[in-house]
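Read the numbers this way: they start at 1 and go in the same order the structure lists the ligands and their atoms.
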Amino acid sequence: MSKIAICPGSFDPITVGHLDIVTRGAKVFDKVIIAVLNNRSKQPLFSVEERVHLIKETTSHLSNVGVDSFDGLLIEYARQKKASAIIKGLRAVSDFEYELQMASINRKLDEEIETFFMMTNHHYSYLSSSIVKELAKYDADVSDLVPQNVQRALQEKHGRI
Ligand code: PNS
C-alpha cells in the first residue's frame with residue numbers, strides 16, 4: 001500500500017524552509033499532499049487559492065507532491081485522504097511545545113496516523129512566513145527566503161510591479 005503523508009500549514013506564503021521539508025518528505029513517502037489550511041479566523045495576505053497556486057508552481061518538478069486546501073480538523077482531512085502520516089518541520093525549541101501539543105491531540109484523535117518531525121535545515125531556522133511578510137512590507141530583499149514566483153507575488157501585493 002502506498003504511504004501518503006500530509007504536510008499541513010498556512011503557507012502564507014510558502015518559503016524555502018517549507019520547500020525543503022516537502023522535498024525531503026517526498027523522498028521518504030510515496031506521496032506528499034501539501035494541505036493549505038483555509039483558516040477563516042486569520043487575516044491572510046494571500047487567499048487560499050493564491051497560496052495553492054503559488055505552491056503548485058513551486059513544486060511542479062516534484063512528481064509525487066500534490067497541493068490541496070482543507071477546512072476543519074487536520075486528522076479528519078488526513079483520514080479522508082487515506083494518509084498514514086503528517087509531516088512537520090521543527091525549527092527551534094520554541095516550536096517544540098506547540099508541535100508536541102498538536103501531535104498529541106492528533107494522536108488522541110487517531111492513533112493510526114503518525115506525526116513525523118524533520119529538523120529544519122539550519123540555514124532556515126530563523127525563517128517563517130511572518131518574517132517574510134514583514135520584510136516584504138518594507139521592501140527588503142527576500143530572494144533567498146522564498147521561491148521566485150512568491151517573491152514576484154509579494155511585490156505585486158505591495159504594488160511594486
Ligand atoms: O503553518 P501553521 O499555521 O503553523 O499550521 C498550523 C496547522 C494548519 C498545521 C494547524 O493549525 C492545524 O492542523 N489546523 C487544523 C485544525 C486542527 O486539526 N487542529 C488540531 C486539533 S485542535
Side-chain angles (χ1 to χ4, degrees), residues 3-26 28-29 31-59 62 65-137 142 144-147 149-151 153-154 157:
K3 294 278 179 204
I4 301 171
I6 306 291
C7 183
S10 302
F11 302 104
D12 185 37
I14 188 166
T15 69
V16 291
H18 293 131
L19 198 54
D20 173 59
I21 296 296
V22 170
T23 305
R24 285 158 56 200
V28 178
F29 291 94
K31 180 163 187 179
V32 173
I33 302 171
I34 304 176
V36 180
L37 176 67
N38 192 357
N39 189 347
R40 295 198 182 97
S41 64
K42 271 193 184 175
Q43 216 21 284
L45 180 63
F46 293 99
S47 70
V48 174
E49 293 74 23
E50 286 172 324
R51 283 179 268 161
V52 166
H53 177 72
L54 289 169
I55 300 170
K56 276 188 180 162
E57 282 183 342
T58 303
T59 56
L62 300 169
V65 171
V67 191
D68 195 10
S69 60
F70 76 105
D71 265 318
L73 285 180
L74 171 61
I75 213 77
E76 294 289 347
Y77 175 77
R79 255 194 230 132
Q80 195 188 311
K81 291 289 163 187
K82 303 202 182 328
S84 54
I86 293 166
I87 50 177
K88 304 289 294 278
L90 270 187
R91 285 167 301 195
V93 180
S94 51
D95 280 344
F96 183 81
E97 208 167 327
Y98 172 75
E99 293 298 349
L100 174 66
Q101 190 184 22
M102 283 298 138
S104 306
I105 293 168
N106 286 332
R107 189 171 166 75
K108 183 173 161 44
L109 293 173
D110 192 330
E111 284 192 354
E112 298 302 314
I113 301 177
E114 284 291 345
T115 302
F116 287 83
F117 290 103
M118 272 183 275
M119 300 314 295
T120 298
N121 182 323
H122 70 275
H123 292 301
Y124 310 135
S125 60
Y126 58 89
L127 180 55
S128 69
S129 299
S130 307
I131 291 281
V132 164
K133 282 183 281 191
E134 187 77 359
L135 290 171
K137 189 163 84 179
V142 293
D144 287 352
L145 311 181
V146 293
N149 63 333
V150 174
Q151 192 188 353
L154 283 164
K157 276 275 172 214

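His53 pairs by the side-chain hydrogen bond (donor to acceptor under 3.5 Å, both in side chains) definition with Glu57, not counting sequence neighbours. For Lys31, the side chain to side chain contact (heavy atoms under 4.5 Å, CB included) criterion is met by Ile4, Ile33, not counting sequence neighbours.
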Apply side chain to side chain donor-acceptor pair (under 3.5 Å) to residues Ser10 and Asn39 and explain how you reach the verdict. CA-CA 8 Å; Ser10 302; Asn39 189 347; 5.5 Å; no
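The stretch residues 104-125 participates, sequence neighbours left out, in these ring-ring contact (aromatic ring centres under 6.0 Å, His included) pairs: Phe29-Phe116.
Using a 4.0 Å cut-off between a side-chain N of Lys or Arg and a carboxylate O of Asp or Glu, Asp68 and Lys81 qualify as a salt bridge.
Distance check, rounded to the nearest 0.5 Å: CD1 of Ile6 to CG of Asn106 gives 11.5 Å.
Protein residues with a heavy atom closer than 4.0 Å to ligand 1 are Pro8, Gly9, Ser10, Leu37, Lys42, Phe70, Gly72, Leu73, Leu74, Lys88, Tyr98, Met102, Ile105, listed by chain and number.
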